[in-house]
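Protein chains get the first letters and strands the later ones, always in sequence-line order, with residue 1 at the start of each.
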There are 2 protein chains.
Amino acid sequence: MKRSLESIVYSQDTEVLAKFAKALGHPTRIAILKHLENQSCCFTGDLVEVFPLAQSTISQHLKELKNAGLIQGELKPPKIKYCIHHDNWNKAKSLFQEFFE
Amino acid sequence: MKRSLESIVYSQDTEVLAKFAKALGHPTRIAILKHLENQSCCFTGDLVEVFPLAQSTISQHLKELKNAGLIQGELKPPKIKYCIHHDNWNKAKSLFQEFFE
DNA sequence: AAAATCAATCGTATATTTGCGATAACAGAT
DNA sequence: ATCTGTTATCGCAAATATACGATTGATTTT
């Protein structure tokens, strides 16, 4: 992709909000997070049963949510328990809130 | 992209929220909307001066925001005045609000 | 009718996203 | 040390997103 030479600098809040929004920009990831809100936590395998998607695809969505900071994984061998990352969740919540006023 | 044969059906709210989030998933578009919140309205040309991006690029971002329903354009020849689409804005606001509880 | 102004669209290049199957990696059990 | 269950990563293909310059389109002014 061609990029403007001087890459644009946005405020930290703008960047962070966009990052959260991007992570939320796919219905599967919204659905995963809704699921996590209900169950409080869950394993990758649970989601593979809930959604008609390949395990690798689910794993990839989880990775993006993790990269965005919205969830965190906890080792529960041989499984991994995923939960909402409450600090960042609240951060996202307040960023969206103030954005929409 | 390979797609699962049975394309997944999500709730309307999930789809709509993801669509809004996707539109917000780029810092330039966040910045444009913040600008619109301050100015209440503005012309494409204004934005071209504010952001170091080509006119066509700005126009494309505006198109996506319009497609997502977050803004609307009003003909003010020879310009086009863009404003927040308040109904959908409030819809988005409440969807994010209930999503984050 | 012609010119001027402004925004949208087209064509192109590159990057990123989304999805899958196959394979690797990890931790506990045998 | 090997096997088992679970999840992550790799490699690929197709779709979408991002950016630009050039062109087109629409509307007012001249």
A.B. asks: Would you confirm whether the ring centroid of B:Phe99 sits within less than 6.0 angstrom of the ring centroid of A:Trp89?
C.D. replies: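 So the answer is yes for these two rings.
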
A.B. asks: Taking NZ from B:Lys63 and P from C:dT9, how many angstroms apart are they, rounded to a whole number?
C.D. replies: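 It works out to 5 Å between those atoms.
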
A.B. asks: Rounded to the Å, how far apart are B:Ile32 CD1 and D:dA19 C1'?
C.D. replies: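 In whole Å, D:dA19 C1' and B:Ile32 CD1 are 13 Å from each other.
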
A.B. asks: What's the closest nucleotide to the side chain of B:Ser59 if the choices are D:dC20, C:dT9, D:dA8?
C.D. replies: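 Shortest atom-to-atom distance from the side chain points to C:dT9.
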
A.B. asks: Please determine whether a side-chain nitrogen or oxygen atom of B:His61 lies at a distance below 4.0 Å from atom OP1 or OP2 of D:dA19.
C.D. replies: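 Affirmative; the distance criterion is met.
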
A.B. asks: Return no unless some side-chain N or O of B:Ser56 is found under 4.0 Å from OP1 or OP2 of D:dA19.
C.D. replies: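 Checking B:Ser56 against D:dA19: no side-chain N or O falls below 4.0 Å of OP1 or OP2.
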
A.B. asks: Stepwise, does the side chain to side chain donor-acceptor pair (under 3.5 Å) test hold for B:Ser59 with B:Ser56?
C.D. replies: CA-CA 5 Å; B:Ser59 193; B:Ser56 57; over 6 Å; no

A.B. asks: If you pin B:Arg29 and A:Tyr82 to their nearest nucleotides in DNA chain D, which one's is more 5'?
C.D. replies: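 It is A:Tyr82 whose nearest nucleotide is closer to the 5' end.
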
A.B. asks: If I take atom CD1 in residue A:Ile80 and atom P in nucleotide D:dT7, what distance separates them, rounded to the nearest angstrom?
C.D. replies: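 That distance rounds to 7 Å.
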
A.B. asks: Tell me: CG of A:Leu47 to P of D:dT6, nearest whole Å?
C.D. replies: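 It works out to 14 Å between those atoms.
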
A.B. asks: Hey, which sits more toward the 5' end of DNA chain D by its nearest nucleotide, A:Lys22 or A:Pro78?
C.D. replies: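 Upstream on the strand: A:Pro78.
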
A.B. asks: Please determine whether side chain to side chain contact (heavy atoms under 4.5 Å, CB included) holds for the pair A:Lys81 and A:Phe43, giving the CA-CA distance in whole Å, both sets of side-chain angles, and the decisive distance to 0.1 Å.
C.D. replies: CA-CA 5 Å; A:Lys81 195 171 73 172; A:Phe43 303 105; 3.7 Å; yes

A.B. asks: Rounded to the nearest Å, what distance is computed from the CD atom of residue B:Glu49 to the C1' atom of nucleotide C:dT5?
C.D. replies: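 Taking CD of B:Glu49 and C1' of C:dT5, I get 14 Å after rounding.
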
A.B. asks: Give the rounded distance in Å between these two atoms: CZ of B:Phe43 and P of D:dT27.
C.D. replies: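 Distance, rounded to whole Å: 16 Å.
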
A.B. asks: OP1, OP2 of D:dA19 versus side-chain N and O of B:His26: anything below 4.0 Å?
C.D. replies: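 B:His26 to D:dA19 OP1/OP2: side-chain N or O found under 4.0 Å.
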
A.B. asks: Let me know the distance between CG of B:Leu65 and C1' of C:dA7, rounded to the nearest Å.
C.D. replies: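 That distance rounds to 15 Å.
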
A.B. asks: For B:Thr57 and D:dA19, is the shortest distance between a side-chain N/O and OP1 or OP2 below 4.0 Å?
C.D. replies: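 Result: no.
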
A.B. asks: What contact category does A:Leu62 fall into here, base, sugar-phosphate, or nothing, at under 4.0 angstrom with non-hydrogen atoms?
C.D. replies: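 Nothing, no nucleic acid heavy atom in range.
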
A.B. asks: OP1, OP2 of C:dA8 versus side-chain N and O of B:Thr44: anything below 4.0 Å?
C.D. replies: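 For C:dA8, OP1/OP2 do have a side-chain N/O of B:Thr44 under 4.0 Å.
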
A.B. asks: Going by the angle between their ring planes, with limits at 30° and 60°, are A:His35 and A:Phe51 parallel, tilted or perpendicular?
C.D. replies: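 If you compare the ring of A:His35 with that of A:Phe51, the planes turn out perpendicular.
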
A.B. asks: With nearest nucleotide decided by heavy atoms, which residue, B:Asp46 or A:Gly25, maps closer to the 5′ end of DNA chain C?
C.D. replies: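 The residue closer to the strand's 5' end, by nearest nucleotide, is B:Asp46.
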
A.B. asks: Can you check the A:Gln60 CD to D:dT9 C1' distance for me, whole Å?
C.D. replies: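 Whole-Å distance recorded here is 9 Å.
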
A.B. asks: A:Thr14 and B:Lys34: side-chain donor and acceptor closer than 3.5 Å?
C.D. replies: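 Their side chains do contain a donor-acceptor pair, which is all the 3.5 Å distance test asks for.
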
A.B. asks: Checking all strands, does A:Gln55 fall into the base, sugar-phosphate, or nothing category for heavy-atom contacts under 4.0 angstrom?
C.D. replies: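 Answer is base: heavy atoms of A:Gln55 come under 4.0 Å of a base.
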
